[in-house]
Amino acid sequence: MDLITIHIDDIEYKVEPGQTIMQAADKLGYKIPRLCYHPKLSIEGACRVCIVQVEGARNFSASCATPVRDGMKIYTNTPEVRRARRDIVELILDNHPQDCHTCERDGICELQRLSSSVGIQKRHFEGERKEYNEDYSSISVVRNPNKCILCGRCVRMCSEIQEVTNLGLANRGFKTVVMPAFDMPMSESVCAACGQCVNICPTAAFLENNSCQDVFDLLGDKSRVKTVNVAPSVRASIGEAFGLEPGRDMEGQIFAALRKLGFDYVFDTNFAADLTIMEEASELVHRIKNGGTLPMLTSCSSGWMKFVEQFYPELLEHLSTCKSPMSMAGAVIKSYFAESLGVKQDDIVNVGIMPCTAKKFEASRPELDVDGIKSTDEVLTTRELAWMIKSAGINFVDMEPEKPDNPLSAYSGAGVIFGATGGVMEAAIRTAHYMITGEELGEVNVEAVRGMKGIKKGSVMIGDMEVRVAAAHGLGNAEKLLKEAKEHPDRYHFIEIMACPGGCIGGGGQPYPLTNSIPLDEECLAKRASALYSSDDTNEIRVSHENPDIKKLYEEYLGEPLGEISHKYLHTHYKPKEPKGVIPTELLSKC
């Protein structure tokens with residue numbers, strides 16, 4: 001490719017054509033301020049914070065939307081540019097609440113960082129401020145339009161990546177606001193509760209519905225037994241909230257911190273992931289052997305479950321009836337473990353530590369109750385747990401690692417990879433192969449379903465049968481894969497779908513990015529996934545059916561996979577929900 005010549009701040013560079021000024025500047029070491037821009041989303045050009053001077057242009061140019069051209073002379077740091085940027089940010093601040101020190105994103109807010117970098121030290125503009133009611137209707141996601149800066153990132157994330165299209169910009173001028181259709185409460189909209197709007201928001205216009213104080217109150221109740229279980233991906237991400245590099249495995253420190261917070265029993269959800277595989281692989285084998293509904297769709301992702309109920313109710317019979325690992329853990333804690341302690345089910349409090357805002361919605365589902373009692377009393381996101389640890393004055397980074405409690409914590413390598421896209425699929429294949437052939441899969445690493453590709457496809461020979469599988473992460477990719485599966489119903493036997501980009505490692509409750517990083521950065525997600533795969537590689541047991549504590553649970557309590565007792569505690573059902581979601585027009589036009 002022939003390079004073109006541009007000048008940035010009077011220095012000559014050779015660059016590739018076809019990119020924007022911002023992209024070229026980033027590669028050359030110039031960090032132009034930005035707010036509405038995200039490399040995974042379409043160009044909005046809304047905030048104008050990224051303006052530069054281009055010689056010969058009448059006005060400032062938005063660097064995110066202006067392509068480079070041969071001979072272009074660009075100025076990023078002139079007094080005029082700096083003043084204009086500062087004025088733009090000051091105008092944004094003028095219409096923004098002045099409650100930084102009591103805001104949940106104080107210190108981890110992109111608008112705060114930007115204000116500091118452009119040199120704002122006082123407010124120069126005064127005027128009318130927008131005033132809207134906050135929306136606390138959703139158990140998962142809080143919407144606060146007063147803190148919205150109209151960057152449109154949430155709208156584009158919801159429509160372009162997730163293709164739920166729950167959010168949109170309504171009204172004009174000063175009255176412009178981001179909201180669901182018809183200004184419906186979030187709880188009554190088609191929101192999948194995935195929390196990606198929270199991840200992508202540069203301020204606190206979207207937040208998870210905070211449960212920290214409720215959990216502190218539960219921990220203060222001395223009359224009840226307090227249990228907690230920790231999802232696989234949390235160990236690979238929580239360190240980021242304490243300034244550590246992504247992918248640092250903090251498993252032992254998490255268990256130690258939870259005990260210091262006051263939990264009586266600390267369990268690992270990886271155990272329940274192995275339990276899920278025992279049931280899910282058995283269900284897949286049963287469907288294949290007995291002519292059941294195929295392809296079978298996984299049911300571990302809470303956001304995906306809500307999405308399929310509203311957008312694809314016709315596919316509900318394809319769903320696995322297995323509960324998620326969190327809900328299986330809760331069910332076993334409130335039954336088997338309660339009986340072993342000799343306490344009543346409602347005398348046990350169970351908290352899930354999850355990477356996901358949608359798990360809060362899942363915990364509220366009545367069909368997941370155990371004998372009429374909630375299996376999961378509260379759900380904390382990774383972010384919330386990090387805040388509670390800091391609030392309690394616990395020195396998390398330097399803690400001595402501890403082990404979780406038994407008998408509900410031992411896990412195989414198959415259990416821990418649940419946190420990465422393709423992990424459920426891979427774990428299920430390992431055990432399904434054994435259930436059908438009586439032999440272990442020769443190579444347990446199923447590379448075809450690993451990696452960050454949006455849709456991954458592969459096949460595995462199980463005996464003399466080719467089992468065809470596919471995995472998608474992000475609901476936009478799910479829609480594309482489901483369209484293919486509906487057009488070719490015999491193409492796949494088993495499909496895994498995770499609502500969030502990267503799977504649970506990119507969940508809506510994961511830590512906010514640190515300075516000089518961006519939300520949902522693929523390198524960050526890959527490092528988190530690598531930590532989980534490393535744990536799998538070094539585990540002495542790499543298949544769920546060889547987990548000794550899983551075997552013991554079936555021998556002592558559950559009987560057998562898909563049996564009467566396991567169906568009571570480990571399986572559930574789903575039904576269509578209103579309002580009915582509408583598939584984006586561009587997908588409909590291709591059908």
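A salt bridge (Lys or Arg N to Asp or Glu O under 4.0 Å) check over residues 203-214, counting only residues at least two apart or in different chains, returns the pairs Glu208-Arg383. Residue pairs satisfying the salt bridge (Lys or Arg N to Asp or Glu O under 4.0 Å) criterion with at least one member in residues 350-359, sequence neighbours excluded, are listed as follows: Lys359-Glu362. Under the salt bridge (Lys or Arg N to Asp or Glu O under 4.0 Å) criterion, the residue pairs touching residues 392-419 are Arg259-Glu402, Arg259-Asp405, with sequence neighbours excluded.
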Could you walk me through whether Phe337 and Phe267 pass the ring pair (Phe, Tyr, Trp, His ring centres under 6.0 Å) check?
CA-CA 11 Å; Phe337 186 66; Phe267 297 125; 5.1 Å; yes

Quick one, Cys154 with Phe206, criterion side chain to side chain contact (heavy atoms under 4.5 Å, CB included). Give me CA distance, side-chain angles, the key distance, then yes/no.
CA-CA 9 Å; Cys154 60; Phe206 286 96; 3.7 Å; yes

Audit row: Asp536, Arg430, salt bridge (charged side-chain N to carboxylate O under 4.0 Å, His left out) steps and yes/no
CA-CA 13 Å; Asp536 170 35; Arg430 295 178 187 181; 2.9 Å; yes

Could you go through Arg450 and Glu426, starting from their C-alpha distance and side-chain angles, then the distance that decides it, and tell me whether this counts as salt bridge (charged side-chain N to carboxylate O under 4.0 Å, His left out)?
CA-CA 8 Å; Arg450 292 190 176 189; Glu426 183 171 343; 2.8 Å; yes

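Between Leu441 and Tyr434, every side-chain heavy-atom pair lies at or beyond the 4.5 Å cut-off. Between Leu316 and Val308, some side-chain heavy-atom pair lies under the 4.5 Å cut-off. Side-chain contact between His567 and Leu558 is absent, with no heavy-atom pair separated by less than 4.5 Å. Proximity of Glu245 to Lys527: side-chain heavy atoms (C-beta onward) are separated by under 4.5 Å at one or more points. Using a 4.5 Å heavy-atom cutoff, the side chains of Leu570 and Val332 are in contact. For the pair Leu319 and Met305, the minimum side-chain heavy-atom distance is below 4.5 Å. A 4.5 Å side-chain heavy-atom check between Thr269 and Ile353 finds every atom pair outside the cut-off.
Side-chain atoms of His571 and Thr321 form a donor-acceptor pair, as typed in the model, at a separation below 3.5 Å. Defined by atom type and a distance below 3.5 Å, a donor-acceptor pair is present between the side-chain atoms of His545 and Glu440. In the model, Asn229 has no side-chain atom that pairs as donor or acceptor with a side-chain atom of Asp268 under 3.5 Å. Between the side chains of Asp274 and Ser412, at least one donor-acceptor pair of N or O atoms lies under 3.5 Å. In the model, Lys323 has no side-chain atom that pairs as donor or acceptor with a side-chain atom of Ser299 under 3.5 Å. For Glu110 and Tyr512, the side-chain atoms include no donor-acceptor pair closer than 3.5 Å. Looking only at atom types and distance, the side chain of Thr298 has no donor-acceptor partner in the side chain of Glu496 under 3.5 Å away.
A distance-only check finds no donor-acceptor pair linking the side chain of Ser282 to the backbone of Leu562 [under 3.5 Å]. A donor-acceptor pair is defined here as one N or O able to donate and one able to accept, closer than 3.5 Å; such a pair exists between the side chain of Asp249 and the backbone of Glu251. Under a 3.5 Å cut-off, the side chain of Thr538 and the backbone N or O of Ser534 do form a donor-acceptor pair. Checking side-chain atoms of Asp549 against main-chain N and O of Leu408 turns up no donor-acceptor pair under 3.5 Å. At distances below 3.5 Å, not a single donor-acceptor pair connects side-chain atoms of Asn144 with backbone N or O atoms of Glu134. Judged purely by atom type and a 3.5 angstrom limit, Arg365 has no side-chain atom pairing as donor or acceptor with the backbone of Leu368. Counting only distance, with no hydrogens or angles, the side chain of Ser137 and the backbone of Met186 share a donor-acceptor pair below 3.5 Å. For the pair Arg528 (side chain) and Ala236 (backbone), a donor-acceptor distance under 3.5 Å is absent. Using modelled atom types, one side-chain atom of Gln162 and one backbone atom of Ala499 make a donor-acceptor pair closer than 3.5 Å. Proximity of a side-chain donor or acceptor of Thr357 to a complementary backbone N or O of Gly195 within less than 3.5 Å is detected.
More than 12 heavy atoms of other residues, nucleotides or ligands sit less than 6.0 Å from atom CD of Gln213. For NZ of Lys260, the number of neighbouring non-hydrogen atoms (other residues, nucleotides, ligands) closer than 6.0 Å is 12 at most. Remark: His286 NE2 is loosely packed, at most 12 non-hydrogen atoms of other residues, nucleotides or ligands lying under 6.0 Å away. His573 NE2: more than 12 foreign heavy atoms inside a 6.0 Å radius. With a 6.0 Å radius and a threshold of 12 heavy atoms from other residues, nucleotides or ligands, Glu540 has its CD atom at or below the threshold. Counting non-hydrogen atoms of other residues, nucleotides and ligands closer than 6.0 Å to CD of Glu523 gives a total of 12 or fewer. Residue Tyr533 qualifies as enclosed at atom OH: its count of foreign heavy atoms under 6.0 Å is above 12.
By the side-chain hydrogen bond (donor to acceptor under 3.5 Å, both in side chains) test, His493 is found to be paired with no residue, residues two or more places apart in sequence or in another chain being considered. Contacts of His318 classified as ring pair (Phe, Tyr, Trp, His ring centres under 6.0 Å), with partners at least two apart in sequence or in another chain: none.
Between Val266 and Ser409, the shortest heavy-atom distance links the atoms O-OG, 3.8 Å. Contact between Leu532 and Val416 at its shortest, heavy atoms only, is O-CG1, 3.5 Å. The nearest pair of heavy atoms linking Cys500 to Gly508 is SG-N, 4.0 Å. Between Val424 and Glu280, the shortest heavy-atom contact is CG1-OE1, 3.4 Å. Closest non-hydrogen pair, Ser301 versus Met498, comes out as CB-SD, 3.8 Å. Taking all atoms of both residues into account, the shortest heavy-atom contact from Leu207 to Arg105 is CD2-CG, 4.0 Å.
Between Glu283 and Arg287 there is a salt bridge, with a side-chain nitrogen of the basic residue lying less than 4.0 Å from a carboxylate oxygen of the acidic one. Salt bridge Asp371/Lys568: present, at least one basic N to carboxylate O contact under 4.0 Å. In this structure, Lys334 does not pair ionically with Asp369, as no charged nitrogen and carboxylate oxygen lie closer than 4.0 Å. With salt bridges taken as basic N to acidic carboxylate O contacts below 4.0 Å, one links Lys360 and Glu384. Using a cutoff of 4.0 Å between basic side-chain nitrogens and carboxylate oxygens, Glu309 and Lys575 are not scored as salt-bridged.
Here the rule is side chain to side chain contact (heavy atoms under 4.5 Å, CB included) with Phe263, and of Leu218, Thr227, Val228, Val225 only Val228 fits it. Thr276 pairs with exactly one of Ser327, Pro325, Ser324, Ser320 by the side chain to side chain contact (heavy atoms under 4.5 Å, CB included) rule, that one being Pro325.
Note on ring orientation: taking the six-membered ring where Trp is involved, the planes of Phe307 and Phe311 are parallel (angle under 30°, cut-offs 30° and 60°).
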Output side-chain donor-acceptor pairs under 3.5 Å for residues 387-394, partner residues at least two apart or in another chain, one line each.
{"unit_1": "Lys390", "atom_1": "NZ", "unit_2": "Ala241", "atom_2": "O", "d": "2.7"}

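Aromatic rings from Phe242 and Phe396 are positioned such that their centres are separated by under 6.0 Å.
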